[in-house]
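Report on the following structure.
In this chain, numbering begins with 1 at the start of the sequence shown. Side-chain atoms are counted along with the backbone in the values below, which use heavy atoms only and exclude waters and symmetry mates.
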Amino acid sequence: MEPKKRLPHPRKTEIYPAWGADSSKRQRVGKFSDLEDALFNWFTQKRANNIIITDDLLREKAKKLGEQLDVPENFAYSNAANIYNADETGLFFQLIPDRTLAHKDENYHGVKRMKQRITALLCCNSTGTDKRRLLIIGKSANLDASETLVHTLLHLHI
């Protein structure tokens with residue numbers, strides 16, 4: 001028996017205009033999309049001419065364009081210190097190197113690879129002035145070993 005295919009809502013393209021074959025999510029538009037478009041066009045033109053754009057320069061241009069486009073004075077232009085990025089990475093903390101230097105007459109046989117893994121979450125703001133504490137996620141049958149590792153990693157101040 002073949003499973004039933006779920007039909008899309010008949011008004012999906014009406015509800016989500018950006019819905020298409022290559023887009024499965026609704027695209028959100030900001031309150032001042034005309035400001036975003038103008039700023040993006042300016043940025044693209046300047047970068048095409050190999051001009052370096054800093055955060056401060058971009059913010060100042062946004063303020064000038066905001067005045068021309070009647071953006072309210074209480075509009076908060078983004079501050080790079082308030083933009084954060086987080087990423088997770090895996091760490092095989094007991095894994096030894098799988099290659100070694102050996103003389104051509106030596107017979108080297110591999111050893112069993114330890115695959116104990118933890119996940120670390122790293123987070124900081126875009127200026128690098130605010131680095132959040134390292135978050136560790138992992139499983140271990142030997143809690144003492146993992147607690148020691150976590151304690152060591154947290155005090156590295158990465």
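Nearest heavy atoms, Ala120 versus Leu134: CB-CD1, 4.0 Å. Nearest heavy-atom pair across Leu121 and Ala86 is CD1-CB, 4.2 Å.
Counting heavy atoms from C-beta on, the side chains of Asp130 and Asn125 come closer than 4.5 Å. With contacts defined as side-chain heavy-atom distances shorter than 4.5 Å, the pair Leu122/Thr89 qualifies. Residues Tyr84 and Cys124 form no side-chain contact, since every pair of their non-hydrogen atoms from C-beta on lies 4.5 Å or further apart.
Note: Glu73 CD to Glu67 CD = 8.0 Å, rounded to the nearest 0.5 Å. Interatomic distance, Thr119 OG1 to Leu91 CG, rounded to the nearest 0.5 Å: 9.0 Å. Rounding to the nearest 0.5 Å gives a distance of 9.5 Å between CG of Asp34 and CG of Asp70. The OG atom of Ser126 sits 6.0 Å away from the CG atom of Asp55 when rounded to the nearest 0.5 Å.
Hydrophobic cluster of Trp42: the remaining members, joined at side-chain heavy-atom separations below 4.5 Å, are Phe32, Leu35, Leu39, Phe43, Ile51, Ile53, Leu57, Leu58, Leu65, Leu69, Val71, Phe75, Tyr77, listed by chain and number.
Counting heavy atoms of neighbouring residues, nucleotides and ligands inside a 6.0 Å radius, atom NZ of Lys63 exceeds 12 of them.
Applying the salt bridge (charged side-chain N to carboxylate O under 4.0 Å, His left out) criterion to Arg59, with sequence neighbours excluded, gives Asp56.
Side chains of Ser33 and Asp37: a donor-acceptor N/O pair is absent below 3.5 angstrom, by distance only.
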